[in-house]
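Data first, discussion second: the structure below is written as C-alpha cells.
When a residue number appears, it is its place in the shown sequence, counting from 1.
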Amino acid sequence: MPERYAVIIGSGFGELGAGKPQPVEENRFGRPSAPIRHINVADTAVMTLSRHGDEHTIPPHAVNYRANLLALLDGGVTDVIALCTVGLVTDRCAPGEVAVPDQLIDYTWGREHTVFDGGDGVVDHIEFTVPFSQTLREKLLAAATSAGVGCADGGVYAATQGPRLETAAEVDRLERDGADYVGMTAMPEAAIACELGLRYACFALGVNRAAGRGDVPIHSDLEASTGIAREAAKSVLHHFFTGQN
C-alpha cells in the first residue's frame with residue numbers, strides 16, 4: 001500500500017492549514033478538532049489537521065485525539081507526522097532547534113487514551129516498546145540533513161497534562177526520569193495512532209528551556225525561539241516531501 005501522509009499541526013503553520021477544508025464529520029469518537037485539509041507540499045499530496053482547532057482554542061487535555069486520528073485513518077492516511085512544540089529539559093537540543101524523539105513517558109491523566117474502550121466489544125493490548133515509527137523517524141532525519149538543518153536524533157519526550165507549564169521541581173523530576181523534552185500532546189496521540197495501525201512520528205520544535213533551566217522568563221524564551229524553530233521545521237518538511245516524489 002502506498003504511503004499517504006498527514007501532518008498534525010499546531011499554531012504558526014498557516015500555509016500547512018491553508019488548503020480547502022473538507023466538511024467536519026463526526027465519527028464514533030465524536031468531532032475532530034478541525035476540518036482535514038488537502039495541500040501539496042513539494043508536489044506531494046498531504047492532509048493536514050489542526051490539533052487545537054483552526055483558531056487554537058482547544059487546550060491539550062481537551063483535544064479529541066481519538067476522533068482526530070480516526071478521521072485521518074478514514075481519509076486513507078497511513079503515516080502521521082505530528083508537530084509538537086516542546087520545552088527543553090536537557091541540552092539534547094537548543095531553543096530554536098528541532099528534534100525527532102525516539103521514546104516517551106506519559107504523565108497525563110483523565111484523557112480518553114485508547115480506542116479499545118469496550119464500546120465495540122474489541123480489546124487489544126498493543127506493543128508500545130518503540131512508540132514512534134522508526135521508518136518515519138529515519139526519513140525525517142534524512143530530510144533534516146538534506147535541508148542542512150540541525151536535528152537531534154532521539155531523546156525522551158515527557159507528556160504532561162497542561163495547560164499550565166511545569167514547576168522547576170517537576171522538571172527536575174522529569175530529568176531524573178530520563179526526559180529530554182517536555183510537551184503536552186504526544187500522548188495519547190502516539191498510542192492511539194499505534195492502536196489504529198498508523199505509522200506516527202513526533203517532530204519536536206524546541207521553543208524554550210523548561211522551567212528552572214533558562215536564564216530568562218519562559219515566555220521571553222518562547223518569543224525569541226518559536227519563529228526560528230518553525231522555519232527549521234518547514235524546511236525539513238519541504239525536503240521530506242520532496243523525497244517522497
Ion pair [X]/[Y], N-O distance below 4.0 Å:
| X | Y | answer |
| --- | --- | --- |
| Glu25 | Arg31 | no |
| Asp91 | Arg209 | yes |
| Asp117 | Arg66 | yes |
| Asp153 | Arg137 | yes |

Starting at [atom1] of [X], measure out to [atom2] of [Y] and round the result to the nearest 0.5 Å.
| X | Y | atom1 | atom2 | value |
| --- | --- | --- | --- | --- |
| Gln103 | Asp180 | CD | CG | 11.0 Å |
| His52 | Ile58 | NE2 | CD1 | 8.5 Å |
| Asn208 | Leu222 | CG | CG | 4.5 Å |
| Thr78 | Arg199 | OG1 | CZ | 5.0 Å |
| Leu174 | Tyr107 | CG | OH | 5.0 Å |
| Leu140 | Leu237 | CG | CG | 7.0 Å |

Distance flag, aromatic centroids of Phe29 and Tyr65, threshold under 6.0 Å: no

Closest non-hydrogen atom pair, [X] against [Y]:
| X | Y | answer |
| --- | --- | --- |
| Gly212 | Ala168 | CA-CB, 4.0 Å |
| Phe132 | Pro101 | CD1-O, 3.4 Å |
| His113 | Glu195 | O-OE1, 4.4 Å |
| Gly30 | Ala67 | O-CB, 3.8 Å |
| Val80 | Leu136 | O-CD1, 3.4 Å |
| Pro131 | Ala190 | O-CB, 4.3 Å |

Can you check whether [Y]'s main-chain N or O pairs, donor with acceptor, with [X]'s side chain at less than 3.5 Å?
| X | Y | value |
| --- | --- | --- |
| Glu175 | Asp172 | no |
| Gln161 | Trp109 | yes |
| Asp106 | Met187 | no |

Glu231/Lys234 under salt bridge (Lys or Arg N to Asp or Glu O under 4.0 Å): CA gap, chis, key distance, verdict: CA-CA 5 Å; Glu231 290 307 310; Lys234 290 174 186 176; 3.4 Å; yes

Verdict with supporting geometry, Cys84 and Phe203, side-chain contact (heavy atoms from CB on, under 4.5 Å): CA-CA 6 Å; Cys84 303; Phe203 188 28; over 6 Å; no

Flag the pair [X] / [Y] as yes when at least one side-chain heavy-atom distance between them is below 4.5 Å, and no otherwise.
| X | Y | answer |
| --- | --- | --- |
| Phe241 | Val46 | yes |
| Arg37 | Ile9 | no |
| Arg111 | Pro60 | yes |
| Leu196 | Val115 | yes |
| Val207 | Pro95 | no |
| Val171 | Arg213 | yes |
| Arg92 | Glu97 | no |

Mind checking whether [X] and [Y] sit in one hydrophobic cluster, side chains of I, L, V, M, F, W, Y counted as touching below 4.5 Å?
| X | Y | value |
| --- | --- | --- |
| Val7 | Val149 | yes |
| Val24 | Leu72 | no |
| Val156 | Leu205 | no |
| Val122 | Ile192 | yes |
| Val77 | Leu69 | yes |

Within 6.0 angstrom of Glu223 CD, more than 12 heavy atoms from elsewhere: no

Other residues, nucleotides, ligands: >12 heavy atoms within 6.0 Å of Asn40 CG: yes

side-chain contact (heavy atoms from CB on, under 4.5 Å) between Phe240 and Ser146, worked out: CA-CA 9 Å; Phe240 179 96; Ser146 178; over 6 Å; no

side-chain contact (heavy atoms from CB on, under 4.5 Å) assessment of Asp79 paired with Leu198: CA-CA 6 Å; Asp79 294 70; Leu198 294 165; over 6 Å; no

Residues forming a salt bridge (charged side-chain N to carboxylate O under 4.0 Å, His left out) with Arg176, sequence neighbours excluded: none

With a 3.5 Å cut-off and no angle check, do the side chains of [X] and [Y] form a donor-acceptor pair?
| X | Y | result |
| --- | --- | --- |
| Glu166 | Thr160 | yes |
| Tyr200 | Glu189 | yes |
| Asp102 | Tyr157 | no |
| Glu127 | Thr129 | yes |

Candidates Thr57, Asp54, Asn68, Asn64 - the one meeting side chain to side chain donor-acceptor pair (under 3.5 Å) with Ser33: Asn68

Worked verdict on Cys151 versus Val100 for side-chain contact (heavy atoms from CB on, under 4.5 Å): CA-CA 7 Å; Cys151 182; Val100 184; 3.6 Å; yes

